[in-house]
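What follows is a set of notes on a single structure, which appears directly below.
Each chain gets a letter, A, B and so on, in the order its sequence line appears, and its residues count up from 1.
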Amino acid sequence: MGAVDLITIISKKLAQGSAYMIMGPILIGFLRFHKLEKHIRILLYYLCVSAMVEMYGLFLVEKGTNNLFLFHISSFVEIIFLLFVYFKESDSFLSKSNLFILLIVNSFFAFGDAFLWGTLKDFNPYSLTIGSVILIFVSIRYYYLLMKNLNVKRIERSAMFWVNTGVLIYYAGNLFTFAGTKFLSGSLSDFYLMWGLHSIMNIVMLLMFSTAFIWSREAKGFHRNKLV
Amino acid sequence: MDTEEIDISLLLLFATMGMLLLAFSIILFVLYYQKQMIKQRYQQREREVDYQRELLEATIRTKELEQKRISQDLHDDIGALLSTIKLNVNLIARKTDDKENLVNLIRQAKSMIDDVIANVRSISKDLLPATLEEFGLISAIDELCGRVHDSTPLNVVFNHKGNLYRYDSNIELAIYRILQELLNNILKHAGATHIFVQLNTDLDGLCLEIRDNGVAFNPDLIDRKGKVTGLGLKNIESRANMLGAKINYERSETEENKVIIRVSN
């Protein structure tokens with residue numbers, strides 16, 4: 001077995017693993033549903049939608065059918081849900097007008113990748129890259145406001161801190177994967193190597209989300225994480 | 001796999017590692033910085049609370065000293081005089097046939113009663129000057145400065161600029177007491193010959209400035225964080241805090257000590 005085959009097998013296993021691992025945070029989320037803050041519940045709903053898409057994607061892979069159209073849908077929906085999580089966390093952190101602008105930009109590139117300069121059967125690098133840049137910026141801004149306002153005493157017990165950390169690691173770690181996939185399509189081993197890394201980043205993000213669900217506390221004021 | 005593809009894949013790999021390193025650095029920095037800032041804020045709050053407690057203790061101690069002084073004044077001056085008056089009255093009762101002695105005793109008793117009345121008035125004025133209540137802060141300060149000028153070797157000048165506003169009675173009393181304390185300090189410690197008191201009043205508030213040509217203000221009485229340490233100064237600070245006033249202690253270029261108190265309406 002050559003190095004190329006090994007990378008391919010590991011990458012496929014990681015992809016499967018990260019797809020099934022989504023059940024972990026969903027389970028924790030539902031077990032602690034009544035203790036989840038409102039914006040954290042949005043995250044749980046997103047994970048449920050994402051799980052359904054992942055399962056259907058795996059089913060299509062087994063059948064040998066192109067499942068890239070699902071990636072178009074899931075990446076578009078993912079960015080919308082995550083932006084709503086930040087919007088609901090604090091009105092002043094992400095205003096309605098800013099949210100509207102970001103959604104328009106994301107939608108434009110998602111539409112373009114699907115119907116203008118690409119197709120649903122091809123990969124969607126532009127919308128993923130733009131979406132990654134948006135969420136990297138949003139997550140760094142969140143950290144900045146956290147340090148500026150100092151209204152969270154124990155940051156490691158704040159649910160939103162863990163959500164934000166997961167978002168930053170995932171999108172920062174995958175930015176170049178998303179942007180550069182077009183250039184790797186000629187080499188399967190490189191493609192699988194980068195997407196293996198993507199799966200690892202996805203697993204890390206899901207672990208962060210699980211931690212967020214564990215630490216989330218609803219409306220008693222002590223662990224609330226409102227940025228002003 | 002050609003060289004170009006290897007270069008691109010390596011580039012992407014290194015770029016990804018770089019982004020991850022950056023992301024982790026940001027996360028660790030946020031964790032460390034936030035904890036440090038929270039810790040500093042907490043320590044600062046504790047220091048503020050301790051300082052407020054010290055100010056409160058100083059206020060209580062000053063009140064107790066004042067009560068002790070009043071008690072001593074009453075006992076030593078008025079008490080002693082009243083006892084002597086009583087003796088004289090007893091003697092008067094016994095010596096009804098000796099007219100000359102009788103007149104003398106009555107005269108002495110009357111003189112001592114006058115002294116008692118004067119002492120009671122003085123103690124009462126110290127407790128709450130009637131001028132302050134009836135005519136306001138400006139008149140009360142004028143009277144106080146006049147009294148200090150007349151009763152000590154100091155040359156005390158008072159100047160007022162602005163309209164004759166009346167402020168809330170608590171504000172006026174607090175400012176009056178601050179001025180009393182400052183004049184007292186100058187008398188006791190500064191060795192000054194001139195004191196200049198300037199009061200500016202307007203709708204926005206008032207500004208009281210006290211200048212003296214005495215020895216330089218003792219820097220030991222204010223610690224490195226700008227907090228006062230002497231009892232009298234703590235008392236002043238306590239009253240100023242109650243008013244929301246700002247106090248500045250300065251030494252001017254003309255070798256004068258300057259204390260400026262600003263109160264906003």
Note to self: Please determine whether side-chain contact (heavy atoms from CB on, under 4.5 Å) holds for the pair Leu12(B) and Thr177(A), giving the CA-CA distance in whole Å, both sets of side-chain angles, and the decisive distance to 0.1 Å.
What the structure shows: CA-CA 7 Å; Leu12(B) 287 176; Thr177(A) 303; over 6 Å; no
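- Interatomic distance, Leu31(B) CG to Thr165(A) OG1, rounded to the nearest 0.5 Å: 7.0 Å.
- Once rounded to the nearest 0.5 Å, the distance linking CE of Met19(B) with CG of Asn174(A) reads 10.0 Å.
- Rounding to the nearest 0.5 Å gives a distance of 8.5 Å between CD of Gln34(B) and CZ of Phe161(A).
- By the 4.5 Å heavy-atom criterion applied to side chains, Ile155(A) and Val30(B) are counted as neighbours.
- Considering only heavy atoms from C-beta on, Leu197(A) comes within 4.5 Å of Met17(B) through its side chain.
- Looking at heavy atoms from C-beta onward, Ile27(B) lies in side-chain contact with Tyr143(A) at the 4.5 angstrom threshold.
- Considering CG of Leu175(A) and OG1 of Thr16(B), their distance stands at 8.0 Å, rounded to 0.5 Å.
- Contact annotation for Ile169(A): both backbone and side-chain heavy atoms come within less than 4.5 Å of a heavy atom of chain B.
- Looking at Leu20(B) and Met201(A), their side chains come closer than 4.5 Å, going by heavy atoms from C-beta outward.
- Of the two parts of Ile26(B), only the side chain, counted from C-beta on, holds a non-hydrogen atom closer than 4.5 Å to a non-hydrogen atom of chain A.
- One distance of note links OH of Tyr33(B) with CG of Leu146(A); it measures 11.5 Å at 0.5 Å rounding.
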